[in-house]
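Contents: one structure, followed by commentary.
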Amino acid sequence: MGSLLSKTKSSSTHPKSTTPPESKMSAFTHIPGAQTSYKPPLIANENAFLGDVATSTDATAPISAGFYRLEKGTPLVYEYTYHEMKIIVDGEFDISDETGQKVHAVKGDVFYFPKGSKITFTTETFGLGFFVGQRKEGAA
């Protein structure tokens with residue numbers, strides 16, 4: 001297992017981190033209740049929300065993690081410029097790619113989206129996913 005140092009993004013809607021001040025380096029960051037309390041900002045259309053919760057400090061191989069929420073409405077078509085893993089933590093998504101592959105995703109499903117893939121996300125209700133992407137903070 002590798003080493004990952006995280007920081008939290010400051011935001012009024014971000015859950016309070018239990019990380020000590022930067023002058024006191026700790027081995028980990030704890031963000032209590034993030035799945036239920038963090039409200040990611042709107043990123044596209046009227047119904048697609050995404051926000052980074054933690055990002056590594058490794059400039060050569062950055063990793064960002066956070067939440068993606070989609071509500072019923074306009075499908076989101078996204079072309080990945082980085083590798084990403086996603087686990088569905090609540091709700092449901094219909095996920096398809098440019099090859100015609102389609103999956104009805106539910107809580108507990110895990111996905112890998114390779115760099116260069118073009119993915120369409122839609123939902124009849126809502127979906128919430130937790131992602132980890134090989135990218136800098138805010139580069140989604």
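Values below: every heavy atom of this structure, side chains too, minus hydrogens, waters and symmetry copies.
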message = Checking Ile31 against Tyr38 for the side chain to side chain contact (heavy atoms under 4.5 Å, CB included) test, could you report, in this order, the C-alpha distance in whole Å, the side-chain angles of both residues, the deciding distance, and whether it holds?
response = CA-CA 10 Å; Ile31 305 165; Tyr38 178 62; over 6 Å; no
key: Joint hydrophobic cluster, Leu50 plus Val110, side-chain heavy atoms closer than 4.5 Å   = no
query = For Asp58 and Ile63, what are the C-alpha separation, side-chain angles and deciding distance, and is it a side chain to side chain contact (heavy atoms under 4.5 Å, CB included)?
reply = CA-CA 8 Å; Asp58 185 338; Ile63 300 172; over 6 Å; no
Approximate separation, where rounding is to 0.5 Å, of Lys86 NZ and Tyr112 OH = 13.5 Å
query = Given the side-chain rings of Phe111 and Phe93, with only the six-membered ring counted for Trp, is the space between their centroids under 6.0 Å?
reply = no
request  = Check His104 against Asp94 and note the closest heavy-atom contact, atom names and distance.
outcome  = ND1-OD1, 2.7 Å
key: Check against side chain to side chain contact (heavy atoms under 4.5 Å, CB included), Glu84 and Tyr82   = CA-CA 6 Å; Glu84 182 180 278; Tyr82 52 91; 3.6 Å; yes
query = Given the rule that I, L, V, M, F, W and Y join up when any side-chain heavy atoms are under 4.5 Å apart, are Ile87 and Ile95 in one cluster?
reply = no
ask   = What is the minimum heavy-atom distance between Val106 and Glu92, and which atoms define it?
value = CG1-CB, 4.4 Å
query = Between Thr123 and Leu70, is there a donor-acceptor pair closer than 3.5 Å when you use the side chain of the first and the backbone of the second?
reply = no
inquiry  = Any side-chain to backbone donor/acceptor pair from Gln134 onto His83? Under 3.5 Å, distance only.
reply    = no
key: Lys118 side chain near Val77 side chain, heavy-atom distance below 4.5 Å   = yes
message = Other members of the hydrophobic cluster containing Phe49, with the 4.5 Å side-chain heavy-atom rule, please.
response = Leu42
message = Determine whether Tyr68 and Ile88 satisfy the following criterion, side chain to side chain contact (heavy atoms under 4.5 Å, CB included), listing intermediate values before the conclusion.
response = CA-CA 9 Å; Tyr68 167 60; Ile88 310 308; over 6 Å; no
key: Glu79: salt bridge (Lys or Arg N to Asp or Glu O under 4.0 Å) partners, not counting sequence neighbours   = none
key: Cluster overlap Phe131 with Val53, hydrophobic side-chain contacts below 4.5 Å   = no
Ala44 versus Leu76, closest heavy-atom pair with distance = CB-CD1, 3.7 Å
message = Looking at Ser64 and Arg135, would you say the former's side chain and the latter's main chain have a donor-acceptor pair under 3.5 Å?
response = yes
request  = Identify the heavy atoms of Pro62 and Ser56 that sit nearest to each other, and give their distance.
outcome  = CA-OG, 3.4 Å
ask   = Are any of the side-chain heavy atoms of Ser117 and Asp97 separated by less than 4.5 Å?
value = no
query = Quick one: side-chain contact (heavy atoms from CB on, under 4.5 Å) partners of Thr74, sequence neighbours excluded?
reply = Asn45, Glu46, Asn47
task = Please find out if less than 6.0 Å separates the ring center of Phe113 from that of Tyr78.
result = no
inquiry  = Let me confirm one number: the OG1-CD distance from Thr122 to Glu71, rounded to the nearest 0.5 Å.
reply    = 12.5 Å
message = Looking at every non-hydrogen atom in both residues, tell me the closest pair between Pro41 and Gly51 and how far apart they are.
response = CD-CA, 3.9 Å
task = Please report the closest heavy-atom contact between Leu128 and Arg69, naming both atoms and the distance.
result = CD1-CB, 3.9 Å
